Amino acid sequence: MAFLMKSMLSNQVKNLGLGGGGEESKEESTPSDPAAAAGMTREEYEEYQKQMVEEKMERDAAFAHKKAERACLRVHLREKYRLPKSELDENQIQMAGDDVGLPEDLQKMVAEDQVEEEDKDSILGQLQNIQNMDMDTIKEKAQATFTEMKQAAEQKCCVM
């Protein structure tokens with residue numbers, strides 16, 4: 001609402017000739033040199049621009065490195081769970097360079113997971129899983145396997 005009132009009043013004042021010439025002097029007073037507009041000398045402005053470009057390049061490099069680390073993690077998980085590879089991830093890793101790896105905290109987590117999986121794959125891990133299982137479940141599985149083997153044998157053997 002205030003915008004509408006301001007635009008209506010300013011248009012009327014310009015038509016009267018009281019404020020119409022202010023814009024022309026305003027445009028003339030703005031310097032064409034961006035360094036002067038920023039309140040710096042030409043050398044300071046060039047140095048400032050150079051610093052801005054360098055900072056942008058550093059940020060872009062850090063961002064590319066983080067993207068490559070994430071891609072490396074995805075590649076690792078795909079290998080672990082035997083999922084199909086992604087060319088996009090491999091391209092991101094190649095663009096960042098060969099020094100990309102998993103971050104330290106993720107490496108620790110991966111190492112812990114591998115230790116847990118090795119424990120589960122061992123004989124002691126299997127024995128612990130048997131202890132946690134219900135005996136009725138084991139009995140049902142054994143009976144189902146036995147009946148399947150018996151049916152397969154009956155189909156193959158004509159004496160039974």
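Numbering of residues begins at 1 and proceeds along the displayed sequence. Computed from heavy atoms alone, side chains included, the values below leave out hydrogens, waters and symmetry copies. Quantities reported herein were computed from a predicted structural model and do not represent experimental measurements.
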Quiz item: With sequence neighbours left out, what residues match Arg59 under side-chain contact (heavy atoms from CB on, under 4.5 Å)?
Solution: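 Scan of Arg59 (side-chain contact (heavy atoms from CB on, under 4.5 Å), adjacent residues dropped) gives Glu55, Lys56.
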
Quiz prompt | Phe63: side-chain contact (heavy atoms from CB on, under 4.5 Å) partners, not counting sequence neighbours | solution =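 If we apply the side-chain contact (heavy atoms from CB on, under 4.5 Å) test to Phe63, skipping adjacent residues, the hits are Lys67.
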
How many angstroms lie between [atom1] in [X] and [atom2] in [Y], if you round to the nearest 0.5 Å?
{"X": "Met109", "Y": "Asp105", "atom1": "CE", "atom2": "CG", "value": "7.5 Å"}
{"X": "Thr41", "Y": "Glu46", "atom1": "OG1", "atom2": "CD", "value": "9.0 Å"}
{"X": "His65", "Y": "Arg70", "atom1": "NE2", "atom2": "CZ", "value": "11.0 Å"}

Quiz item: If two hydrophobic side chains count as joined below 4.5 Å and joins carry through other members, does Val53 share a cluster with Met40?
Solution: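 Different clusters: Val53 never reaches Met40 through Ile, Leu, Val, Met, Phe, Trp or Tyr contacts under 4.5 Å.
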
With a cut-off of 3.5 Å and sequence neighbours excluded, list every side-chain donor-acceptor pair involving residues 71-80.
| residue | atom | partner | partner atom | Å |
| --- | --- | --- | --- | --- |
| Arg74 | NE | Asp89 | OD1 | 3.0 |
| Arg74 | NE | Asp89 | OD2 | 3.3 |
| Arg74 | NH2 | Asp89 | OD1 | 2.8 |
| Arg74 | NH2 | Gln92 | OE1 | 3.4 |
| Arg78 | NE | Pro84 | O | 3.3 |
| Arg78 | NH1 | Asp89 | OD2 | 2.4 |
| Lys80 | NZ | Glu117 | OE2 | 3.3 |

Self-check item: Side-chain donor-acceptor pair present, Tyr45, Gln49, cut-off under 3.5 Å
Solution: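 Yes.
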
Practice problem: Give a yes or no on whether Gln51 atom CD has more than 12 heavy-atom contacts from other residues, nucleotides or ligands under 6.0 Å away. | Solution: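 Check passes, neighbour count above 12.
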
